[in-house]
**Student:** 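Encoded as structure tokens, here's the structure I'll be asking about.
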Amino acid sequence: MSARFVGAKVLGALGTLAFVVVFNFFLFRVVEGDPVASLFRGRNLTLEQRDELRTQFGLDGSMWEQFVRYVEQTVQLNFGRSYTTNQPVIEEIWSRTPATLALVGTATILSTLLGLWIGTLAGWRRGSKQDRMLTSASMVTWSMPEFWLGMILLTFFAVRLGLFPTGGISDPSSEEGGISKLVDQARHMFLPCLTLTVAYLGEYALIMRSSIVDVMREDYLTLARAKGLRDVQVRNRHAVRNALLPSTALIAINFGFVISGAITVETVFSWPGLGLLTYDALRGPDLPLLQGLFLLFSAAVIVFNLAADLLYPFLDPRVRYQ
């Protein structure tokens, strides 16, 4: 992998990130209108009080002055203060990140492993009863909205059967620590994690199945069989590795969205992560918090896409010479 290839990919990622920074500023300025009027609607504020609030929120001066100040603060990872809590945005985001990483990260890893395994089994036995069953199940899970699946699981397993908590990350009345606390948090995380795992599962399975079907036509598999390798060895050593290339992009994109979390699922299960934080910021609306979250989500996707681009040459050496 040449330095030119790496440099081109890195510059492309930096250019995309720069565009997102600019777009992030103007997008919320267009959508938001007057944040002071929205936040304090129904209250009689004097002109002096409105001007003071605009200065406090960094909305004073011309649009260009606000943009320059926004870029300078963004470079310093200073996204301002939340309108609703008056806390630094970076602290609000940082406090919610572990919950999202634990939930959506676990679900993404599980759905990736299970989806690739199911897709491999289905594609390798194309046209069989097993293929039809697995492919149909994958299409069903892929088509189900996450929030709908979450509400079904919540209603059945938590409300009716009472096997799991209805929401939150832990029992607020419990004072236990150590292993008992981890077990309690695992019980709270089970249903939202199951929801996301099932929702993402079908996508990975269908992409992997399509990739396996494509590589089955390649001559190197025939050569591998001619060497006397067993069918399972041909599949695992040759077919799966070459079929992973399209799935790598999907995995990278979804790992980027791990940071953003699943807004609807976290809202349904009251999971205190970045998804629920985004929902609360939209209800405000909380302009600085929304800007910080949007920039973080976009940067995560860009970084993981860059990682996928740099990983391609190791999965398919032909990419090195393009």
Side-chain angles (χ1 to χ4, degrees), residues 24 27-28 31-32 35 38-39 79 82-85 87 89-111 140-173 184-203 253-301:
N24 190 27
L27 171 66
F28 290 102
V31 172
E32 177 60 24
S38 300
L39 286 169
F79 304 115
S82 169
Y83 287 169
T84 54
T85 64
Q87 296 297 318
V89 169
I90 190 67
E91 293 184 6
E92 292 277 345
I93 294 175
W94 182 251
S95 65
R96 299 291 190 97
T97 299
T100 290
L101 289 177
L103 171 62
V104 192
T106 301
T108 302
I109 293 173
L110 291 175
S111 60
V140 169
T141 60
W142 192 19
S143 62
M144 287 190 298
E146 296 173 4
F147 71 91
W148 178 82
L149 177 60
M151 288 189 292
I152 295 297
L153 295 177
L154 180 66
T155 302
F156 185 75
F157 289 103
V159 177
R160 286 196 175 184
L161 300 181
L163 298 177
F164 299 98
T166 57
I169 193 173
S170 61
D171 186 355
S173 62
D184 180 52
Q185 291 178 345
R187 291 185 67 248
H188 282 78
M189 191 174 74
F190 181 83
L191 287 181
C193 184
L194 177 62
T195 301
L196 292 175
T197 300
V198 173
Y200 293 162
L201 181 65
E203 187 176 13
I253 291 174
N254 282 346
F255 263 101
F257 285 117
V258 165
I259 306 298
S260 65
I263 297 177
T264 55
V265 172
E266 289 192 3
T267 303
V268 168
F269 290 96
S270 301
W271 186 262
L274 295 174
L276 185 59
L277 182 63
T278 304
Y279 173 76
D280 293 336
L282 287 169
R283 293 176 60 190
D286 195 330
L287 176 63
L289 188 54
L290 285 173
Q291 281 187 320
L293 288 167
F294 180 81
L295 184 59
L296 175 65
F297 299 162
S298 302
V301 175

**Student:** Got Arg187 and Pro165 here, is their nearest side-chain heavy-atom distance under 4.5 Å?
**Tutor:** yes

**Student:** Write down the atom of Gln185, the atom of Ser170, and the distance for their closest heavy-atom approach.
**Tutor:** CG-CB, 4.2 Å

**Student:** To the nearest 0.5 Å, tell me how far Ser82 OG sits from Ile90 CD1.
**Tutor:** 13.0 Å

**Student:** Supply the atom-to-atom distance Leu194 CG to Thr106 OG1, rounded to the nearest 0.5 angstrom.
**Tutor:** 12.5 Å

**Student:** Looking at CD1 of Ile93 and CZ of Phe297, how far apart are the two atoms once the value is rounded to the nearest 0.5 Å?
**Tutor:** 7.5 Å

**Student:** Quick check: closest heavy atoms across Thr197 and Ala107, and the distance to 0.1 Å?
**Tutor:** OG1-CA, 3.5 Å

**Student:** Atom CD of Glu266 and atom OG1 of Thr195: how far apart are they, to the nearest 0.5 Å?
**Tutor:** 12.0 Å

**Student:** Under 3.5 Å, sequence neighbours excluded: what are the donor-acceptor pairs made by side chains of residues 140-157?
**Tutor:**
residue, atom, partner, partner atom, Å
Thr141, OG1, Ala137, O, 3.4
Thr141, OG1, Ser138, O, 2.9
Thr141, OG1, Gly202, N, 3.4
Ser143, OG, Met139, O, 3.1
Ser143, OG, Val140, O, 2.9
Thr155, OG1, Met151, O, 2.7

**Student:** Are the side chain of Asn24 and the backbone of Gln291 linked by a donor-acceptor contact shorter than 3.5 Å?
**Tutor:** yes

**Student:** To the nearest 0.5 Å, what is the distance between CG (Asp280) and CZ (Arg96)?
**Tutor:** 6.0 Å

**Student:** Just verifying a value: how many Å separate Leu201 CG and Thr108 OG1, rounded to the nearest 0.5 Å?
**Tutor:** 12.0 Å

**Student:** Return all side-chain donor-acceptor pairs below 3.5 angstrom for residues 268-279, not counting sequence neighbours, or 'none' if the list is empty.
**Tutor:**
residue, atom, partner, partner atom, Å
Trp271, NE1, Ala99, O, 2.9
Thr278, OG1, Leu274, O, 2.8

